[in-house]
Amino acid sequence: MFSLLHKRENSHSEGIWACAWGHYIPKEKSKESTSEDKEQENGEENKENEENERDRDNLPDTEQRYVVSGGLDDLVKVWRWTGDGVEGELSAMHTLEGHSLGVISVDVNAEGTMAASSSLDSTIRLWNIHSGEQLQTIDCGPVEAWSVVFSPDGNHVASGNHAGKINVYAVDGGRHVTTLDTRGRFTYSVAYSRDGKYVASGAIDGFINVFDVESGKLVHTLEGHAMTIRSITFSPDSQLLLTAADDGHMKIYDVKSSHLACTLSGHGSWVLSVDFAPDKMHFVSSSSDHTVKVWDFAQRNCVHTFKDHHDQVWCAKYSQDSSKIVSVSEDKSIIVFNSPV
């Protein structure tokens, strides 16, 4: 049954624009095949893995779930999620200071060890989730770094900017790796495909651009929406692209062919975020109409609407096991919902 599990009001002193789940599993509990796959990577990646192992020395020896939030109060906060099933709560873990202007995007790497935040102060900052230590500051000036995302392998972060470019930086050292040029206007939203082959971006003028990561070449440009694309995300199998925009619509595209699969509507105002459930059964959307909606992926229809926020809901994200949704709002609250799988 869909239900509200936990609501934490006044989580930040100003509106909250970004959230992300983190799921940490101790190395010894991870699948052996994962370690074997890593050993087959090139020497540079092996070196990074060794450095990451040293960073893990202070990490817990038990499985942990986190929520990371970013607000207009310039703060990044880390919360520990404790509980299971239809019981649980968020407990404050770290308040991360360093940004000088509002935090507009956050992400967590796949290992659940590191958070990235981007701010109106034109910087991206990398944090150790468990210790709260700031690991890296990346200067993205002279224009703002907008949405920030980790690559699936965790070795890079990508961010769009006002000049219509996607900048990719190495997590190790923070050096600039490459720039993908959309030849368009302000790149508002950015996403990696789960297989690591593509990067997609949504622009303020409604255009969608899809790049091949390996070659850096532009694969598709789509005239997707009539207004700003607030959020963009790939399906778990990397075959589909889901977008949300200020025109109140969501669209699903076939990545390879670029064909539009469907257009969905249901919100009464701007759609501010979308996120696929990892099991691909559902996706979630949030809106300026103060609601969070859960959609059945196969049927392409809304199956539940949460109305527990009282201001625009800037972001909603699925947990890694698809059973929970976290949402953050201009009303300064963080809510965790139960979403049946």
Side-chain angles (χ1 to χ4, degrees), residues 2 17-20 105 107 146-147 149 160 184 186-194 198-210 220-307 309 312-319 322 325-330 337 339:
F2 293 102
W17 275 30
C19 61
S105 180
D107 196 20
W146 210 254
S147 58
V149 291
F186 175 18
T187 298
Y188 194 99
S189 50
V190 178
Y192 273 96
S193 61
R194 308 293 174 93
Y198 300 103
V199 170
S201 65
I204 198 170
D205 55 7
F207 279 78
I208 300 162
N209 290 282
V210 181
H220 302 301
T221 296
L222 310 172
E223 297 183 38
H225 292 269
M227 300 174 72
T228 300
I229 298 174
R230 295 279 176 174
S231 182
I232 191 166
T233 185
F234 286 87
S235 60
D237 62 7
S238 302
Q239 301 300 305
L240 300 171
L241 190 64
L242 173 63
T243 61
D246 285 0
D247 58 14
H249 299 302
M250 293 164 284
K251 293 178 183 286
I252 298 177
Y253 296 89
D254 181 275
V255 173
K256 289 186 178 179
S257 70
S258 77
H259 290 156
L260 177 65
C262 70
T263 299
L264 299 166
S265 58
H267 284 290
S269 186
W270 300 354
V271 187
L272 299 176
S273 78
V274 284
D275 189 43
F276 268 105
D279 64 7
K280 203 185 171 185
M281 299 295 291
H282 298 93
F283 61 90
V284 64
S285 61
S286 69
S287 169
S288 291
D289 67 7
H290 307 181
T291 68
V292 175
K293 289 181 179 287
V294 179
W295 302 78
D296 183 286
F297 175 74
Q299 300 298 321
R300 308 288 207 265
N301 66 328
C302 178
V303 294
H304 191 79
T305 300
F306 293 107
K307 301 179 180 179
H309 287 289
Q312 53 195 4
V313 186
W314 282 107
C315 189
K317 292 290 183 68
Y318 266 99
S319 61
S322 303
I325 295 167
V326 64
S327 62
V328 295
S329 167
E330 195 70 29
F337 301 103
S339 182

- Message: Whether the Thr291 and His309 side chains hold a donor-acceptor pair (N or O, under 3.5 Å, no angle test) is what I'd like checked.
- Response: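 Side-chain D/A pair, Thr291 to His309: absent.
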- Query: For Lys293 and Ser285, does a side-chain donor sit closer than 3.5 Å to a side-chain acceptor?
  - Reply: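 Lys293 vs Ser285: no donor-acceptor pair found between side chains.
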- Sorted by first residue and then second, give each salt bridge (charged side-chain N to carboxylate O under 4.0 Å, His left out) pair with at least one member in residues 267-278; sequence neighbours left out.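 Every candidate salt bridge (charged side-chain N to carboxylate O under 4.0 Å, His left out) pair involving residues 267-278 fails, so no pair, neighbours aside, qualifies.
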Using modelled atom types only, decide if a donor and an acceptor are shared between the side chain of [X] and the backbone of [Y] within a distance under 3.5 Å.
X	Y	value
Ser147	Val190	yes
Ser339	Ile325	no
Ser286	Val313	yes
Ser269	Ser288	no
Asp107	Val149	no
Thr228	Ile204	yes
Asn209	Thr221	no

Calculate, to the nearest 0.5 Å, the distance between atoms [atom1] and [atom2] belonging to [X] and [Y] respectively.
X	Y	atom1	atom2	answer
Arg300	Cys262	CZ	SG	4.5 Å
Gln312	Glu330	CD	CD	5.5 Å
Leu264	Cys302	CG	SG	10.0 Å
Asp247	Met250	CG	CE	10.0 Å
Leu272	Ser327	CG	OG	12.0 Å

- Query: Could you walk me through whether Val199 and Val210 pass the side-chain contact (heavy atoms from CB on, under 4.5 Å) check?
  - Reply: CA-CA 6 Å; Val199 170; Val210 181; over 6 Å; no
Check ring pair (Phe, Tyr, Trp, His ring centres under 6.0 Å) between [X] and all other residues, then give those that pass, not counting sequence neighbours.
X	answer
Phe337	Phe306
Tyr253	none
Trp146	Phe186, Tyr188

- Query: After noting the C-alpha distance and the side-chain angles of Trp17 and Ser105, does the key distance pass the side-chain contact (heavy atoms from CB on, under 4.5 Å) rule?
  - Reply: CA-CA 7 Å; Trp17 275 30; Ser105 180; over 6 Å; no
- Message: If you compare all heavy atoms of Ile229 against all heavy atoms of Gly206, which two are closest, and at what distance to 0.1 Å?
- Response: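 Nearest heavy atoms, Ile229 then Gly206: CD1-O, 3.3 Å.
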- Task: Walk me through it: do Phe234 and Tyr192 pass the test side-chain contact (heavy atoms from CB on, under 4.5 Å)?
- Result: CA-CA 7 Å; Phe234 286 87; Tyr192 273 96; 5.8 Å; no
- Item | Val303 side chain reached by Trp295 side chain, heavy atoms, under 4.5 Å |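 Side-chain contact under 4.5 Å: no.
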- Query: Any ring-ring contact (aromatic ring centres under 6.0 Å, His included) pairs touching residues 257-282, not counting sequence neighbours?
  - Reply: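 For residues 257-282: Phe276-Phe283, Phe276-Phe297.
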- Query: When you look at Arg230 and Ser273, which way does the side-chain contact (heavy atoms from CB on, under 4.5 Å) test go after all the steps?
  - Reply: CA-CA 6 Å; Arg230 295 279 176 174; Ser273 78; over 6 Å; no
Extract all donor-acceptor atom pairs below 3.5 Å that involve side chains of residues 236-243 and protein atoms in other chains or at least two apart in sequence.
residue, atom, partner, partner atom, Å
Asp237, OD1, Ser235, OG, 2.6
Asp237, OD1, Gln239, N, 3.0
Asp237, OD2, Lys280, NZ, 2.7
Ser238, OG, Arg194, N, 3.2
Ser238, OG, Asp195, N, 3.0
Gln239, NE2, Asp237, O, 3.2
Thr243, OG1, His225, NE2, 2.7
Thr243, OG1, Lys251, O, 3.4

- Message: With side-chain contact (heavy atoms from CB on, under 4.5 Å) as the test, pick out the partner of Val274 among Ser231, Cys315, Ser189.
- Response: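 Between Val274 and the candidates, side-chain contact (heavy atoms from CB on, under 4.5 Å) is satisfied uniquely by Ser231.
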